[in-house]
Amino acid sequence: MRYSKLFIPTLREAPADAEAISHKLLVRAGFVRQLASGLYIYLPTGWRVLNRINRIMKEEMDAIGAQELSMPVLHPAEIWQETGRWSVIGDEMFRLKDRGGRDMCLGMTHEEIMTWLAAREIRSYRDLPQVWYQMQTKLRDEARPKSGILRTREFIMKDSYSFDRDEEGLDINYRSHSEAYHRIFARCGLKFHEVESDSGMMGGAVSHEFMAPSAAGEDTIAICACGYQSNVECAASTPKPAPVAAWEKEEIHTPNRRTVQEVSNFLKADASSFMKSIMVMATSPENSPVLAVVRGDQTLHEKKLAKIIGQFRAATKDEIRETLGVEAGFIGPMGHSVRIIADPCLKDGMFISGANKADYHMRGVQAGVDFTPEWADIHEAKPGDACSKCGAPLAFENVIEIGNIFKLGTKYSAALNAAYLDEQGNSHPIIMGSYGIGPARIMAAAVEQGSDKNGIVWPEAIAPFDVEIVPLNVGNPEAVEVADAVCAALEKAGLEVLIDDRDERPGVKLKDADLIGIPWIVVVGDKTLKDGMIEFKSRKTGEVAKLPVEGAGEAIAERMGKNV
RNA sequence: CGGGGCGUAGCGCAGUUUGGUAGCGCAUCUGCUUUGGGAGCAGAGGGUCGGAGGUUCGAAUCCUCUCGCCCCGACCA
C-alpha cells in the first residue's frame, strides 16, 4: 500500500481535550477522529487494526466451535419487557418509536435476542449444546463517555452465548471460552489478568473479567503471588491487625469531632482503633434501616453490602436521628434494634465507636459483648491488606476491562421460555452463558501498553501493517527502485507493507513512521545505498540491522518469520 | 445527574480583567533553494470569535439564556 494513496492525517500536536495516552496517540497518528462525545470514526489505519483484532477473535471463536451469525441492532420492546430489563435499565438504553408508535430500542447487548432465537428453534436435548456469536455494533447512552475509544456510546463487541442442557455443559463452554480468550489476548500482544468479578445482584452466578493493566483503566484489581486475582469490587482481603487495646469501657467527651479522622486526631489513636457505623436504608422492604459497621481505616464497600441487603441508599440525617436517637457522627453499634452487618475484622479486640450521644465517643466497645451483628466482608480491599488465601500482601493495579465471561444460568431462558425436552420428554430451561470482548478496548489497551515518546509501538499481530518501507529521498531513482523491489518481495512473502512514497523530507517521514508505530521499518537512504545497504529497524527497540540491497526483501521476510 | 474547566483559522494557543472591529506558532497554497529525524527565504489564502438575545455610538471582551466538549465523582443492568 502506498502512503500517498492512504488517508493518514497525522497531527504534530495532540488535541487539547485528550487525556489518556491511547486517546492522544490514536488521534495524532491518524487512526481515529471524534464525531461527538463517545462517537468515533475509525480512519483507514484504525479500521485495519480493528479488523486484525476481529480476525483473531473470529479464528479463536471458530476454533472452539462457536458459530458466527448476525443480529438486528433495532429491537422491539416486548422482548426486553419480558425479561424485565426494559424497565430495569433506564437511561442507558437508547429508545425510540417506529412509525406505528411501537416502542423499540437499540441493542446494548444481545441476551434477549439470542435467547428469543433459542426459544424458537431449540426443542430437544439433541439440539444442544450451541454456541453462537456475533461481532457487531452495540449502543449505550453512557452517562459519561471517556478516554477516547475506551468508553464510547457506540462500539463493536464480540459477544457469544452458549446454550447447554446442564451445568456440566456450561462448565465446558465457560472453560473453553476462558481458554480462547487467553489465546486471543495473548495473540493481540497484551499483558492481561483473568480475575474474579462481581456477578451483580443475581446471586450465585460465576463470572470472570479479563483485565489489561493500564494507568487509563477504570477498574482496579487486587492480585497476589499465590494466584488470587480479583476485581476490587469483590476482592476478599485481610486487613492488617488493629492495635491491641485493653480499655476499661468509658465515655469520652469529643465535642464536635464526628469523622474518624477528627476523633482519631483528637484522641491520638490510629484510625484502625475505631468502629465506623454507617446507616443505610434498604429499599426492600421499603426503607428498612441497616447499620453497616467497618473499621475506622476502612471504606464500606457498597456492592458487597448490596449483595447482602439488596439495593440501598444513604440514610438522611433525620432518619438517623429518628431511628437511632443520635446524630450522625456519634453513632455506635450498641443498643439498637436495627439489623447490623459488621466486617469480620471487628470480631476480636476493643474499639472506639460513637457513644450514641452527641459529642461523646465510647472506648472499649467489643463485638459479641456490646452488640451482636451479622458478620460479612463489607470492606473495600486496599493496599496494605493481605491476601485472604495465603496471607501475602496484595498488590493493586489499574486495569482496562477487555473481556468478560459470565455464567447466566436460566435467567434469560426462563423469562423467555427457552427450554428443551430431555430423553424422558421432560422440559427444562436451557442453561446459558455469555461472553464478551471489546475490540476497541484491545486496541486502546495495546496503545496504552505500547508507546514511547515518539508514538505508538504496535504489537505485531494487530499493527495496521507488518512493515513500513521508507525511501528517504524519492528524488533518487535508485532509492525508489530498491524500495519498490523490497516491497514486492515482502508482499510476495505474504506481508502487508506500507511504503512511504511521499515527496517529503526524511525527518517528516521518519517521525510519521515512529508515530504510526508499525513494528518494523525499512529505511532506504542515499547514505547506506552508496555502500549497497539498506536498514531494517525495530520500532520497539530501535535496533538497526544493515542488509545488502541484493536479496534484502527475502532476508527481511525471513527475519520476520516468513518462509520465502 | 452533582462538581470543575474549556469553546477564537485544520491543530496548539494569545487577546476577554480595563469594550474601539482579531493575532501568533504549526499546517495549507505558489515560487526558489534544501534533502538521514517534523527545512530556509519570499509571497498568498483561510476566522459570522460555539449559538441566540440584550446593553452600547461600538461587543471576542459586559449581561441573560442556550448548545457542545473535556476532567473528577455518581452510574455502568
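Chain naming here is simple, since letters A, B, ... match the order of the sequence lines and numbering starts at 1 in each.
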Rounded to the nearest angstrom, tell me the gap between atom [atom1] in [X] and atom [atom2] in [N].
X	N	atom1	atom2	value
A/Lys146	B/C71	NZ	P	7 Å
A/Arg502	B/U28	CZ	P	10 Å
A/Lys511	B/U35	NZ	P	20 Å
A/Arg505	B/A27	CZ	C1'	16 Å
A/Phe7	B/G10	CZ	C1'	11 Å
A/Arg153	B/C70	CZ	C1'	14 Å
A/Arg144	B/C1	CZ	C1'	12 Å
A/Lys527	B/G37	NZ	P	7 Å

May I ask you to verify whether the side chain of [X] and the base of [N] hold a donor-acceptor pair under 3.5 Å?
X	N	answer
A/Ser37	B/G68	no
A/Glu13	B/G38	no
A/Asp514	B/G37	yes

query: Does the distance from a Lys or Arg side-chain N to an Asp or Glu carboxylate O, for A/Arg295 and A/Asp343, drop under 4.0 Å?
result: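 Salt bridge flag = no for A/Asp343 with A/Arg295.
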Mind checking the [atom1] distance from [N] to [M]? Whole angstroms is fine.
N	M	atom1	result
B/G25	B/G46	C1'	16 Å
B/A77	B/G2	P	22 Å
B/C69	B/U61	P	23 Å
B/A22	B/A39	C1'	30 Å
B/U34	B/C41	P	16 Å
B/U30	B/G45	P	15 Å
B/A74	B/G15	P	35 Å
B/C62	B/U17	P	5 Å

Closest listed nucleotide, where the reference is the side chain of [X] and the choices are [options]:
X	options	value
A/Val523	B/G37, B/G36, B/C71	B/G36
A/Arg85	B/C71, B/G12, B/A77	B/A77
A/Leu472	B/C13, B/C71, B/G36	B/G36
A/Ala36	B/C69, B/G38, B/G73	B/C69

Could you tell me whether [X] contacts a base, only the sugar-phosphate backbone, or nothing, with contacts defined as non-hydrogen atoms closer than 4.0 Å?
X	result
A/Arg28	base
A/Lys453	nothing
A/Ala143	base
A/Glu535	base
A/Asp512	base
A/Gln34	sugar-phosphate
A/Ala14	sugar-phosphate
A/Pro15	sugar-phosphate
A/Lys509	nothing
A/Thr83	nothing
A/Met108	base

Under 4.0 angstrom between A/Arg12 side-chain N/O and B/A27 OP1 or OP2: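 Yes, within the criterion.
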- prompt: With respect to the phosphate group of B/G10, does any side-chain polar atom (N or O) of A/Arg33 fall under 4.0 Å of OP1 or OP2?
  reply: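 Negative; the distance criterion is not met.
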Complementary nucleotide of [N], counting Watson-Crick and G-U pairs under 3.5 Å:
N	value
B/G12	B/C24
B/G37	none
B/G68	B/C6
B/C49	none
B/C75	none
B/C62	B/G54
B/G43	B/C29

- request: Classify the angle between the aromatic ring planes of A/Phe536 and A/Trp520 as parallel (below 30°), tilted (30 to 60°) or perpendicular (above 60°).
  value: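 Geometry flag for A/Trp520 against A/Phe536: parallel rings.
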message: Parallel, tilted or perpendicular: which one describes the rings of A/His75 and A/Trp80, with boundaries at 30° and 60°?
response: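 Parallel, since the angle between the ring planes stays under 30°.
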- prompt: Would you say A/Lys158's side chain and A/Tyr435's backbone share a donor-acceptor pair under 3.5 angstrom?
  reply: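 Answer holds: yes.
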Can a donor-acceptor pair be found between the side chains of [X] and [Y] at a distance below 3.5 Å?
X	Y	answer
A/Thr109	A/Glu111	yes
A/Arg85	A/Tyr412	yes
A/His379	A/Thr299	no

message: Assuming nearest nucleotide by heavy-atom distance, tell me which of A/Ala16 and A/Thr528 is located more 5' along RNA chain B.
response: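 First, find each residue's nearest nucleotide; the 5'-ward one identifies A/Ala16.
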- prompt: Pick the nucleotide of RNA chain B nearest each of A/Thr109 and A/Leu35; which residue has the one closer to the 5' end?
  reply: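 Of the two residues, A/Leu35 wins.
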Residues forming a side chain to side chain donor-acceptor pair (under 3.5 Å) with A/Asp159, sequence neighbours excluded: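 Testing A/Asp159 for side chain to side chain donor-acceptor pair (under 3.5 Å), a comparison that skips the adjacent residues, returns A/Lys138, A/Tyr161.
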message: Among A/Lys509, A/Lys5, A/Arg2, exactly one meets salt bridge (charged side-chain N to carboxylate O under 4.0 Å, His left out) together with A/Asp501. Which residue is that?
response: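 With A/Asp501 as partner, salt bridge (charged side-chain N to carboxylate O under 4.0 Å, His left out) holds for just one option, A/Arg2.
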